Amino acid sequence: RYMWVTKKGAFCVGPLCLYCIYIYGVAVPSEVPHVLTDLLSTLCHLQVLNPFYIFQVFSIILWMSDRYYYYAACILFISLISISISLYEIRKQSTTLRNMARLVVTVTVQRDTGEEENVSSEELVPGDCLLIPPEGLMLPCDAALLVGECMVNESMLTGESIPVMKTPLPVGEDTYSPDFHRRHTLFCGTQVIQAKGRRQGSRGGLAVVTRTGFFTAKGSLINSILYPQPISFRFYQDALKFLLILGILALAGTIYSIVVLSMSKLLVRALDIVTIVVPPALPAAMTTGTIYAQSRLKKSGVFCISPPRINVCGKVSVFCFDKTGTLTEEGLDVWGIMEGSGSGFAELVPDPRLLPPGPLLSALASCHSVALLEGQLLGDPLELKMIESTGWVRVSSGCPGNSFGNVRVLAVMRPPASELQPAGIVGNPPGEWLQRFPFSSSLQRMSVVTVGLGGSNALVFLKGAPEMVASLCVKDSVPAQFSDTLRHFASEGFRVLALAYKPLNESCVKTIERGTVESSLRFLGLLVMKNQVKPESAGVIGTLKQAHLRTVMVTGDNILTAVNVARTCGMMQSEERVIYVHATPPGNHSQPTLRFHLGESSRAAEQDGLTQVSTCYRCMVRYSYHLAINGKSFSVLCEYFPEYLPKVLMRGTVYARMAPEQKTQLVKELQKLNYRVGMCGDGANDCGALRAADVGVSLSEAEASVASPFTSKTNNISCVPLLIREGRCALVTSFSLFKYMALYSLIQFCSVLILYTVSTNLSDLQFLFFDLVLVTSLAIVMGRGGPSSELHPQRPPASLLSLQVFASLLLHCLLLVLIQVFALLITRTQNWYIPLNTTVSGAGNLPNLEDTSIFAVSGFQYIIMAVVVTKGYPYRKPLYTNVLFVVVLLALFGVMSWLVLYPGLIMKQLLQLHDIEDMDYKLLLVALAALNFFICYLLEVEYHEHCSTLGCTIQYEECNLQISMYSSIAAITEPLWVQSRLYSLSHPMLPG
């Protein structure tokens, strides 16, 4: 039963391992007996053993034994087509996934003896030393870079089209971690564009293999596709429970059949009730609305790889957005440079080329990770703009005869020619790169070691988040106005970076470590850049807020910049207050603290704790407010103040300086509060959150987007309202189709039990006419109606087991039964009525008047209920816009009217209908059906209006109950309190 799959690194059960064998091409050991090596036969085996098809086989055998040959043959034919299509789609997806997953190349490895050997990538194992050629290669494994630098395109994994510079793993005692040492790790499936050695004369780079197969980054991506995150959606859970209820109803019908039927056909008739109550076409019918929605999304440039998630979109209650590249433009424009020192800041210089010669200009030109490939600069757009603003030019290599021995010069930055310099400005001398420590999200900085041409003046330049850079500088070099100046620019929405430098001892350049380089620096100044908000962002956010959908910003940028963008986008209104959440971890002699302060006060964080609490409390009572928190405080809040986390999540709008794993954690914490969370992002930092969210929307078309349920070709958030509208439309459609299929089963169930009572039944072709001609055709076209053009403030219901749904189905069912019974009684009161032969039972007693009357009324009921349960406003367009559905309705109504009023001889013989000549009686049956439609339609309209009124109250009470489960948290209607472990404020509405 088990076999070892080397590239998965585990024993796998038969069918699972066969799939992995097909995907990864693993050889099957000859000693493993009875293993199915043919994937197609394995898929057939799994598909046929699906419980749905097992039930179909059981039903077909039952119908054949009861001589329903036509009906059984049609269902068998349809089932075979369905299985064939499913197998074709699975095979097609498996082949695509196999082509994506399999990567077999010839690589060069270096053995312990120093010899180089060309081997297949399938033979690589952890510990092998892999040589990276200068021209690059596609990585077949995960590897840690030991020697050289590599420019890598990681778009397959991260969605970022910008190449990333990988540097050698630093020497130290830290345990290697692919996540922590991401900038030193080459990941499987990524493309090395070019590789450079660290020493003169060396070619390419050297890396050690760390992981292969499913353990690699690409293997994890394939795993997430093979085994996606399960969908916990109430609609799907209730659907299964509802089927169980129908099964119980079928059991009751079976018991009734045993009581009223003769012993000759007792077992067949009783089991036939089960196949009627549990509709075989239910799973297929419920997916039609989703399929239509997926098709419409594709036409709008939104691609979906997980169709069940479309229904989940209809229940999204909070949507999280990344900032840079999602709400704002990807590129940045240099606004100016502000030089700073211990004596203060100079005036803002709008053009870096106007700066006097000095370390600040050299830092702007040298402190970056931009690479040169075939004469074109590649790198982060921010750094490209920074270099462009200085006018400096990057050259591939420097002079080989420098004074730093065999340490290779990585690149040279040259100033612009004198004729291109502004008048009166003398350029800095060129600089050579010797060492580079790339940017890290966790460190929030990068640095380079440079020297002048000829090996003189070794300098370290550092660039990063202003707060981080200032903490690494000597205090007397940081301007006293640093915090106020930074707060001013950030609050105006500018992106701010700080720069610093220090001279370096030339003798230790080869062996220097990052910790030594990035310490005791001299502050140089601030680089101020403007990030424009996309024109579509404000309109989309306004649309979502009008629909009562919460919008949240999750970004790695400065918290004040994020708040400014949130106001610009409309997440926060001008009259609404912002309260900043500050949490600090415990120190040697202090406890963890949690404080709140108003954003309008620049010195708020420094105020006395008790005063600040009082001020914030008055603000919360009088004004609408939002909370803003950064990544450090969020971590402390989760670890030391978990009882306060739900309340912060309920009011939090801006989450700044959030690391990728913190974005994922935020999504999961919101889900714990019963939020349906959507996430929209475009870069590597968002991949984890996109996968964790109920609805992940990627604005990147890179291969990494396969891990996100939705991918938009439009590079803005205008796809989000469209997705929610389609989700609501699909959910309401699925809801309507489920109710229709349930009512179809109940109508047929009641019809059969009534006819069983009088010792007859529907004929073979009557069943076929109802199931295929009427119900199937209506179910197929019912879901074609498109979404409403506006987002309604209330979300559609998703619970099939609510009292309202049960009440609606019960009332409809009672009315339908009464109409059928009334039709039967009317028939028996006619003076031309002929009693049926009670010595014969079932279809052998056809044609007869009882069957014909039930056939006429129930046929209209199938059409009537399709109209009644098809909801339009406010989630779908009106019924009349679904032209095909209207045409089919009219056609089927015409066919049923013809069969009731003027049936031809051939149709009477085929359907085994009794010949009735009384036109008044026939018109009475049609009038009875019209009365049925009128009452059911009014009943459904009243039910729908009642649910709309009750819906908001129920949602509010459920949310309030969820929050009140936390003992330390007030209900939603009460204002947020301010609490610190260091002090407490007594107040009637504040927990003491």
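The shown structure was predicted, so the numbers you read here are calculated from the model rather than taken from an experiment.
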Mind checking whether [X] and [Y] have side chains closer than 4.5 Å, heavy atoms only?
X: Ile935; Y: Leu931; result: yes
X: Phe893; Y: Val867; result: no
X: Cys936; Y: Leu815; result: yes
X: Ser718; Y: Leu722; result: no
X: Ser897; Y: Val926; result: no
X: Val868; Y: Met865; result: yes
X: Phe767; Y: Val752; result: yes
X: Val805; Y: Phe735; result: yes

Checking Ser788, Pro787, Pro796, Cys729 against Arg876 for side-chain contact (heavy atoms from CB on, under 4.5 Å), the one that qualifies is Cys729

For a quick test of reading the model, state the closest non-hydrogen atom pair linking [X] to [Y] and the distance between them.
X: Gly678; Y: Val316; result: N-CG1, 4.1 Å
X: Pro307; Y: Gln294; result: CG-OE1, 3.6 Å
X: Asp851; Y: Asn761; result: OD1-O, 3.5 Å
X: Ile310; Y: Ala293; result: CG2-CB, 3.9 Å
X: Val302; Y: Cys719; result: CG2-CB, 3.9 Å
X: Ala547; Y: Leu791; result: CB-CB, 3.6 Å

| request: State whether Arg725 and Glu790 are salt-bridged, where the test is any N-O pair (Lys NZ or Arg NE/NH1/NH2 against Asp/Glu carboxylate O) under 4.0 Å. | output: no

Rounded to the nearest 0.5 Å, what's the gap from [atom1] on [X] to [atom2] on [Y]? Could you check?
X: Ile834; Y: Leu849; atom1: CD1; atom2: CG; answer: 6.0 Å
X: Leu899; Y: Thr852; atom1: CG; atom2: OG1; answer: 11.0 Å
X: Trp898; Y: Leu901; atom1: CH2; atom2: CG; answer: 12.0 Å
X: Leu737; Y: Met741; atom1: CG; atom2: CE; answer: 8.0 Å
X: Leu905; Y: Leu913; atom1: CG; atom2: CG; answer: 11.5 Å
X: Arg309; Y: Ile305; atom1: CZ; atom2: CD1; answer: 9.5 Å

When you check the side-chain N and O atoms of [X] and [Y], is any donor under 3.5 Å from an acceptor?
X: Asp694; Y: Tyr675; answer: no
X: Tyr921; Y: Thr827; answer: yes
X: Gln748; Y: Asp771; answer: yes
X: Ser751; Y: Gln820; answer: yes
X: Asn848; Y: Thr760; answer: yes
X: Glu850; Y: His914; answer: no

Hey, is [atom1] on [X] packed in by over 12 heavy atoms from elsewhere, all under 6.0 Å?
X: Phe806; atom1: CZ; result: yes
X: Tyr937; atom1: OH; result: no
X: Ile906; atom1: CD1; result: no
X: Phe933; atom1: CZ; result: yes

Without swapping roles, check the side chain of [X] against the backbone of [Y] for a donor-acceptor pair under 3.5 Å.
X: Asn882; Y: Val781; answer: yes
X: Ser763; Y: Gln766; answer: yes
X: Asn845; Y: Ser759; answer: yes
X: Tyr875; Y: Thr733; answer: no
X: Thr829; Y: Ile826; answer: yes
X: Ser736; Y: Val869; answer: yes
X: Ser777; Y: Val773; answer: yes

(request) May I have the step-by-step check of side chain to side chain contact (heavy atoms under 4.5 Å, CB included) for Ser808 and Glu940, ending in yes or no? (result) CA-CA 7 Å; Ser808 172; Glu940 190 70 15; 3.3 Å; yes

Check your understanding: Stepwise, does the side chain to side chain contact (heavy atoms under 4.5 Å, CB included) test hold for Leu746 with Leu816?
Key -> CA-CA 9 Å; Leu746 292 173; Leu816 294 169; over 6 Å; no

Walk me through whether Leu892 and Tyr862 qualify under side chain to side chain contact (heavy atoms under 4.5 Å, CB included). CA-CA 10 Å; Leu892 293 179; Tyr862 293 124; over 6 Å; no

message = Is it the case that the ring center of Phe710 lies less than 6.0 angstrom away from the ring center of Phe303?
response =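 No, they do not, as the ring centres are separated by 6.0 Å or more.
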
Which pairs pass salt bridge (charged side-chain N to carboxylate O under 4.0 Å, His left out) with one or both residues in residues 910-924, sequence neighbours excluded?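 For residues 910-924, and leaving out neighbouring residues, the salt bridge (charged side-chain N to carboxylate O under 4.0 Å, His left out) pairs sorted by first residue read Lys908-Asp915.
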
In a check of ring-ring contact (aromatic ring centres under 6.0 Å, His included) between Phe770 and each of Phe860, Tyr744, Phe855, which one passes?
->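 Only one of Phe860, Tyr744, Phe855 forms a ring-ring contact (aromatic ring centres under 6.0 Å, His included) with Phe770, namely Phe855.
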
Let's go through Ser317 and His548 carefully: what are the C-alpha distance in whole Å and the side-chain angles of both, what is the deciding distance for side chain to side chain contact (heavy atoms under 4.5 Å, CB included) to 0.1 Å, and is it a yes or a no? CA-CA 8 Å; Ser317 51; His548 294 179; over 6 Å; no

